[in-house]
Visitor: 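Please find one structure pasted underneath; my questions will follow.
Values reported hereafter were calculated over all heavy atoms of this structure, with side chains retained and with hydrogens, waters and symmetry mates removed.
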Amino acid sequence: MDIILYLLIVILMKVELCESYARCLSGCRCIDDRHGRSLICMEESAFGAIPENLPADLTKIRIEKSHFTEISRGAFSKTPAVENLWLNFNDITVINSKGLEGLRNLTELRLQGNKLRSVPWTAFEDTPTLKILDLKHNQLDVLPEHALKFLQGLTYLDLSFNQLTVISKEVFQNWPLYQKIHSTEEREATAPRPNVVLALHDNSWLCDCRLKGFVEFIMSLSPPIILMNSYLTCSGPNSRTGKFFHEIELQECTKPVVSTPKANISLPQGSNVTLHCYAKARPDPAVWWTYGLKIIRGFHVSDDTIRSHLVIPSLSAADRGVYTCTAVNFMGNSSVSVLLDVRSADSTMSSHLPGAPAASGGADQNVFIDIRIAKQTVRGISIEWFATLERPLETWFTIHFGRADDIKKEITYIGPGIHSYSMSDLMPATKYEICVTLKNQTPRPGQCIVFVTGSDITEMEQREKLIHIVVIVLAMVLAVPIGMYACTTDTRFPCFEVIMESWKRRQRESSSSGMERERQGTFDSLQAASDEELVNKDFNEDRKVRRRSEDRLRKFIADQSRLTAELY
């Protein structure tokens, strides 16, 4: 009888052992020892994600080389007994903020050799007993000020071989463990305390003023906090590359202070000029020049003071204006302005600065400018203008461009001899306004063209095929097709006659040369050029547009005092 009982016990033990191995995952090994049950998965690409059917009685999980990319929410919530979690050499890039949920007994987490650029440090609120955190050989480049808030029981933290550049000393001063050590240091100087090991070597430390507090913290460390490698080295800036922390002395960060040796410059046309700007700040600021709404990068020479030089060769009237040098770092910004005046060869020539109010002569007030939309590209348009000038080689223009409802427009200064300008990146279903004025005059009523981009776009890729233009001319109650000039002066009907004469002259020149003008339209021709990817409208639609244009023209001639802009 005893023999039969013994055989039954043996059979039951074997059955239980078989069931235990059956519960282990395919491609993995399950090991039972005095520490509990371990799952070891070391096969290449065994899993594409963390398995969902992990055995519930595991105390150690080791999954490596499986190349999954995420620790999702509650990935280990079904294994609350896990104490050691090794996920080395996978491709983990994301850890959900609740990815460690349920691991209240976790004491060791190793994530070596993954691709983490950041860590949700609040996730460690779910691991109150964690003592070992290994994050070496990742791509961490930021350590937030309260990153260690929930790591009160750590005895080992490895952040080596990452891409950390700057750390605030507050990261460690806010660490509850550090605060606890220093609060009891005086009262329990003789009491033994467990050591805490930090590994921070082989990072890209940028040894400028931003690292001052951290360097001082490192130099002040003593047991029970121990650096695994106390010889931390600088990776930048160039003057400190390769130096150890104990070899450098860093100063406090400061806001930029900008100056210029000469704030007012007046030179004749054709001269060469170099504008100078000196900026002092820690860390080194970014420096640039602005002229109107344009940003210009100058030539920089850096030492203790950054010297920026903006070279302007062969001055012209369009170069007049206020040039602003700006320096910015994370502490703040500062700027200085240089006023540049360009004197004309004619001493009676006005030399007002762009952007400042100027009293233009009577001749300038009466000069008319006729504008046309000369070309349409996939995402923009080009305009051309014509003006009768007394000094065409000395007179410059100002372009005012932006959304029609914007009070402040982008301003661009155009030098003498240039009579075209292009705008790109136009948005669909948007009303734009563009004005061309002489010198630095502000636009007057009747000196602008308003146009609307097409709105019948259903997919993003159709933007490549369609941005058609509808033009509204403010000085004439007339919808003008692409290729037509639009009068933009207040001298209404005489200006119309000048435009017609100008158009007839261009037609004669075109026929004599035998060359076809690109998109040269007439009042009776509204068909857009297909070779520039415009959307061709139906012929019947064109006839309707033509009739509406002719009706508006007759109405304009009958009643010149009516100045109503009508949306086409």
Visitor: Find out whether Val273 and Leu315 are in side-chain contact, i.e. whether some heavy atom of one side chain is under 4.5 Å from a heavy atom of the other.
Guide: yes
Visitor: Taking the inter-plane angle between the rings of His276 and His309 on a 0 to 90° scale, is it parallel (under 30°), tilted (30 to 60°) or perpendicular (over 60°)?
Guide: perpendicular
Visitor: Under 3.5 Å, is there a donor on one side chain and an acceptor on the other for Trp86 and Gln112?
Guide: no
Visitor: Tell me if the CG atom of Asp33 is crowded by more than 12 foreign heavy atoms within 6.0 Å.
Guide: yes
Visitor: What I'd like to find out is whether the side chain of Leu87 reaches to under 4.5 Å of the side chain of Ile92, using heavy atoms alone.
Guide: yes
Visitor: Please enumerate all residues that pass ring-ring contact (aromatic ring centres under 6.0 Å, His included) together with Phe68, with sequence neighbours excluded.
Guide: none
Visitor: Can we call the ring centroids of His67 and Phe47 under 6.0 Å apart?
Guide: no
Visitor: State, without any angle test, whether Glu108 and Asn84 hold a side-chain donor-acceptor pair at a distance under 3.5 Å.
Guide: yes
Visitor: Flag yes if more than 12 heavy atoms outside Lys136 fall under 6.0 Å of its NZ atom; otherwise flag no.
Guide: yes
Visitor: With under 30° as parallel and over 60° as perpendicular, where do the rings of Phe217 and Phe172 fit, or are they tilted in between?
Guide: parallel
Visitor: Just checking Tyr231 against Phe244, ring centres under 6.0 Å apart?
Guide: yes
Visitor: List the atom of Asp91, the atom of Lys115, and the distance in Å for their closest heavy-atom pair.
Guide: OD1-CE, 3.6 Å
Visitor: What residue among Glu44, Met42, Glu43 forms side chain to side chain contact (heavy atoms under 4.5 Å, CB included) with Glu64?
Guide: Met42
Visitor: Students often mix this up, so state it plainly: with edges at 30° and 60°, are the rings of Tyr291 and Tyr323 parallel, tilted or perpendicular?
Guide: parallel
Visitor: Hydrogens and angles aside, do Trp205 and Thr233 bring a side-chain donor and acceptor to less than 3.5 Å of each other?
Guide: no
Visitor: List the atom of Asn162, the atom of Leu135, and the distance in Å for their closest heavy-atom pair.
Guide: ND2-O, 3.1 Å
Visitor: Evaluate the side-chain proximity of Cys234 to Leu206: yes if any heavy-atom separation is below 4.5 Å, no if none is.
Guide: no
Visitor: Using the six-membered ring wherever Trp is involved, compare the ring planes of Trp121 and Phe124 and label them parallel, tilted or perpendicular (cut-offs 30° and 60°).
Guide: tilted
Visitor: If you measure from CG on Leu148 to CD on Gln179, what distance do you get to the nearest 0.5 Å?
Guide: 10.5 Å
Visitor: Mind checking whether Ile226 and Val196 have side chains closer than 4.5 Å, heavy atoms only?
Guide: no
Visitor: If you round to the nearest 0.5 Å, how far is CD1 of Ile71 from CD1 of Ile95?
Guide: 4.5 Å
Visitor: Testing the basics here: between Arg282 and Glu252, what is the closest heavy-atom pair and its distance to 0.1 Å?
Guide: NE-O, 2.7 Å
Visitor: Suppose we screen for side-chain hydrogen bond (donor to acceptor under 3.5 Å, both in side chains). Which residues come up paired with Ser334, at least two apart in sequence or across chains?
Guide: none
Visitor: Closer than 3.5 angstrom, by distance alone: can the side chain of Thr260 be matched with the main-chain N or O of Cys277 as a donor-acceptor pair?
Guide: no
Visitor: Residues two or more places apart in sequence or in another chain: which of them pass side-chain hydrogen bond (donor to acceptor under 3.5 Å, both in side chains) with Glu52?
Guide: none
Visitor: Does any part of the side chain of Val328, heavy atoms only, come nearer than 4.5 Å to the side chain of Pro256, both counted from C-beta?
Guide: no
Visitor: Does Asp405 pair with Arg403 as a salt bridge, N-O distance under 4.0 Å?
Guide: no
Visitor: Assess, by modelled atom type and distance only, whether the side chains of Ser382 and Ser422 contain a donor and an acceptor separated by less than 3.5 Å.
Guide: yes
Visitor: For residues Arg240 and Cys207, determine if any side-chain heavy atom of one lies less than 4.5 Å from a side-chain heavy atom of the other.
Guide: yes
Visitor: Is the number of heavy atoms from other residues, nucleotides or ligands under 6.0 Å of Glu249 CD greater than 12?
Guide: no
Visitor: Any idea which heavy atoms bring Leu151 and Ala147 closest together, and the distance?
Guide: CD1-O, 4.3 Å
Visitor: Can you label the angle between the Tyr432 ring and the Phe401 ring as parallel, tilted or perpendicular, going by 30° and 60°?
Guide: parallel
Visitor: Pairing donors with acceptors under 3.5 angstrom, does anything connect the side chains of Ser337 and Thr324?
Guide: yes
